[in-house]
Protein chains: 4
Amino acid sequence: MRSNIDLIGQEPGRTFTETARRAQIMAAAIDTIAEVGYGQASLARIAEKATTSKGVICYHFDGKEELVREVVAELVARGAAYMRPRIEAESTGAGMLRAYVESNLAFLRENRNHVVATVEIVLNARGADGRRHFETGPGAASVAALRELLAHFQAAGEFRSGFDPLVLAMAIRAAIDNVAHQLVSNPELDVRHHARELADLFVHATSPREPSEGAGQ
Amino acid sequence: MRSNIDLIGQEPGRTFTETARRAQIMAAAIDTIAEVGYGQASLARIAEKATTSKGVICYHFDGKEELVREVVAELVARGAAYMRPRIEAESTGAGMLRAYVESNLAFLRENRNHVVATVEIVLNARGADGRRHFETGPGAASVAALRELLAHFQAAGEFRSGFDPLVLAMAIRAAIDNVAHQLVSNPELDVRHHARELADLFVHATSPREPSEGAGQ
Amino acid sequence: MRSNIDLIGQEPGRTFTETARRAQIMAAAIDTIAEVGYGQASLARIAEKATTSKGVICYHFDGKEELVREVVAELVARGAAYMRPRIEAESTGAGMLRAYVESNLAFLRENRNHVVATVEIVLNARGADGRRHFETGPGAASVAALRELLAHFQAAGEFRSGFDPLVLAMAIRAAIDNVAHQLVSNPELDVRHHARELADLFVHATSPREPSEGAGQ
Amino acid sequence: MRSNIDLIGQEPGRTFTETARRAQIMAAAIDTIAEVGYGQASLARIAEKATTSKGVICYHFDGKEELVREVVAELVARGAAYMRPRIEAESTGAGMLRAYVESNLAFLRENRNHVVATVEIVLNARGADGRRHFETGPGAASVAALRELLAHFQAAGEFRSGFDPLVLAMAIRAAIDNVAHQLVSNPELDVRHHARELADLFVHATSPREPSEGAGQ
DNA sequence: TATGAATGAGGGTTCATTCAT
DNA sequence: TATGAATGAACCCTCATTCAT
């Protein structure tokens, strides 16, 4: 399962060879991390998969941290490029929410290892002091953007009032990322099915019609 | 923030001091993992927090893996003991679902480090070959039990038909575990608020009343 | 040429074995540094000379820096213990100055490698940022103490007035350390001869009798 | 603080650009070594300061060793050219000795980094086997020349008899080089003051008038 | 039973140098 | 001629584990 990192054009200030090599190493890193997890993905293992040496990696990336940061940045950019038009094609809140979930998981389906690796990195990468390198919580950009969307349509009356858009945004992201996470141990997992189900789920959860809760509560 | 591992009674075949020592080491492991993450929680760091040496840990636990397995097992047992009566006190599906979410997060509130550490372990612990040590997906016991509950009340008509109980169970677990995960970088996070919100969220999502989705999809 | 590190008694909080091992490793470090210089004295080389592994060194010393710091500290303590009584046995300024130089070089003669290694370390050890780890200049303790002595007898009239005690102290230390430095490439160098000559030299330089300088300046 | 390497004329067998390139690289090497020390001055760091790459350096200099040798050679030549006329302008022994010390330190004042770097190199540069690349002891040319001067005027009776010219020469060189060495950590050090003081010092030390040493020795 | 000591593999990174273009 | 790319050894250090006492 080879990852496909085809950078469109060269990055500025880099030679052609350099760009290609970086892409190749990133692909090796992605596959390694997706397969054995962030903690087990040593430079040696990555180098082996790229059929090079650790030295080469450090030559091109000045350290593991930059390599990993680059993998994440690449994915974030590509993910946004993939999802945004699909979301903006919708006009209603429910449509956009559904498009968000489904396009995200469609992107996952088409970029399995890259997404899986990124989730691994983001959840696990920490400095020597134990502090995380990537933000995933309330302050994270992805959560903030989703929260914005939810809050907008809640204010517009398309979503039921009464839920906290931040909590919901975090829950949605957690549910989506979890699918990627599960993909590691369960490669057969039906991502398309999960996409539809999760979209339904959160559309229902935000639907303005007051549900009857039974006598219980 | 010291973790409190008071094992109820002695474990079979262990002396009193042995049991106490194990509890002390487990507490140190929990606090260390909760603070710096699984990957950075070396035996040395754990030993330091326990004011012992690595040798002692390996003597009592025959390896890091067993220590970590024990931490998880302990938590699972305690978590179940805490949550089960609170869930079973309810009679309706919505009540039970709400109780599940809220008691789980209440338990988190009262056992912060232990839960946080367990989530860290379960998500990250892998063997040298990269295979996970703990199952978190469809096959995991926690997911299976929750799926059972959801399926039961769906069949009984208390929950709307049409959702896949497995997908929902996984989403719920992901959302809950995510709260624990966030707690690491974000100790001020209002767990009680998240509990109420998430309970509402999933109750709405399972409500049988058909919501109107607008024109979108 | 084996260095002799016989620590008198155990250091507090250390077992007998530990103390012995540290001494052995320090001896190996001293000999290695004295022979190949600070820059070439890798842990691997030191370990080889100690017939152990790098791991053992790091177990006992938590890093190369501490090992090296310890080597210096040990020498400073021993050097002071050796020199002080010999200096204090004198009553005149010239006597003390001569005793300073001669006892220092006598100590060098009897602790060749240790002194040589220390000079190497002090002159060369730097952090990653390029800053020196040890002070050798005006602020260094050794220079300050010597300056004190010179200033005292200058004020008392035993030394000629008109010289800057700090500059002289630095020159004396440089001349002495230089002997140690030369010893590396010239093991046959007659330290005793240098001792006498340097003592004469600085005694003359501080003598109160006004010398006639000829027409020149 | 940029070093100024203006090679007088082109070196034989080298194009103009080649010569200029070498000068630029040497200047970068000098500044780097002066700032961070010989041990920390890797080709990478030097290349960075010269805004080139390591490859370029190795192309022009066939190894680090030659680069460093060139830096030293350049300085020795310039230093001699600076000092010789100033020394030869004097006629007395004391005058020449004073001129030696003062012109050397004046040269240091005007070529700070180059001198500092050279001292760093000469004291530290060693091969993989630990053998020094540069001689600084009795056999070194600089020491030999100074010894010659001292011996000459001692024989002529201008300096007191009874001191070993070699030991004194080494002491003088050590004292002077030490000033350069201190300049690294202590850029504010008053070189002019040290020059005057050291000149006085050694003039006194060589003065023929027998000083009275007090009762002590 | 309990622990200090040792192990040796592997971690990421930097190094001076060589090579293909 | 000039340089970006690659090399692979060596750097210091940390790791989980085992062993002798």
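Side chains included, hydrogens not; waters and symmetry mates left out as well; all remaining heavy atoms used. Each chain gets a letter, A, B and so on, in the order its sequence line appears, and its residues count up from 1. Everything quoted here is computed from the prediction, not taken from an experiment.
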- Query: Once you round it to whole Å, what is the distance between P of E/dA2 and NZ of B/K54?
  - Reply: 20 Å
- Message: If you compare every side-chain N and O of C/T17 against the phosphate oxygens of E/dG4 (OP1, OP2), does one of them come in below 4.0 Å?
- Response: no
- What is the distance from NE2 of A/H60 to P of F/dG4, rounded to the nearest Å? 12 Å
- Query: Under 4.0 angstrom, heavy atoms only, what part of the nucleic acid is D/R21 near: base, sugar-phosphate, or nothing?
  - Reply: sugar-phosphate
- With heavy atoms under 4.0 Å as the rule, sort B/T52 into base, sugar-phosphate or nothing. nothing
- Task: Decide yes or no on side-chain contact (heavy atoms from CB on, under 4.5 Å) for A/I33 and A/V71, but give the supporting numbers first.
- Result: CA-CA 11 Å; A/I33 294 172; A/V71 166; 5.8 Å; no
- Task: Using whole Å, report how far CD of B/Q40 lies from C1' of F/dA16.
- Result: 16 Å
- Message: Between P on F/dT14 and CD1 on B/I46, what's the gap in Å once rounded to a whole number?
- Response: 16 Å
- Message: Can you measure C/E48 atom CD to E/dG8 atom C1' for me and round it to whole angstrom units?
- Response: 16 Å
- Query: How is C/L43 classified with respect to the nucleic acid when contacts are heavy atoms under 4.0 Å: base, sugar-phosphate, or nothing?
  - Reply: sugar-phosphate
- Find the partner of F/dT21: check Watson-Crick (N1-N3 plus N6-O4 or O6-N4) and G-U wobble (N1-O2, O6-N3) distances, both under 3.5 Å, and reply none if neither fits. E/dA2
- If you check every side-chain atom of B/C58, which of E/dA5, E/dT7, F/dT18 has the closest atom? F/dT18
- Query: Do we see a donor-acceptor contact under 3.5 Å between the side chains of A/R14 and A/H60?
  - Reply: no
- Just wondering, are more than 12 heavy atoms of other shown residues or ligands nearer than 6.0 Å to CD in A/E48? no
- Can you tell me the distance, in whole Å, between the OH atom of C/Y59 and the C1' atom of F/dA16? 14 Å
- Query: Can you check whether B/S53 has a side-chain N or O nearer than 4.0 Å to OP1 or OP2 of E/dG4?
  - Reply: yes
- Message: Need the pair for E/dA9. Rule: Watson-Crick or G-U wobble, both distances under 3.5 Å, any strand; none if unpaired.
- Response: F/dT14
- Rounded distance in Å - CZ (D/F61) to C1' (F/dA2): 15 Å
- Identify, between D/E65 and A/A41, the residue whose nearest nucleotide on DNA chain E lies closer to the 5' end. A/A41
- Query: Taking for each residue the nucleotide of DNA chain E bearing the nearest heavy atom, is the 5' side occupied by A/R45 or by B/V56?
  - Reply: B/V56
- Message: On the six-membered ring of A/Y59, is D/K54 placed so that its NZ or CZ lies under 6.0 angstrom from the centre and within 45° of the ring axis?
- Response: no
- Task: Name the residue closer to the 5' end of DNA chain F, choosing between A/G55 and B/A44 according to the nucleotide with the nearest heavy atom.
- Result: A/G55
- C/E35/C/R45 salt bridge by N-O under 4.0 Å criterion: no
- Message: Please tell me if C/S42 has a side-chain N or O lying less than 4.0 Å from either OP1 or OP2 of F/dA10.
- Response: no
- Rounded to whole Å, CD of D/E66 lies from P of E/dT17 at a distance of 11 Å
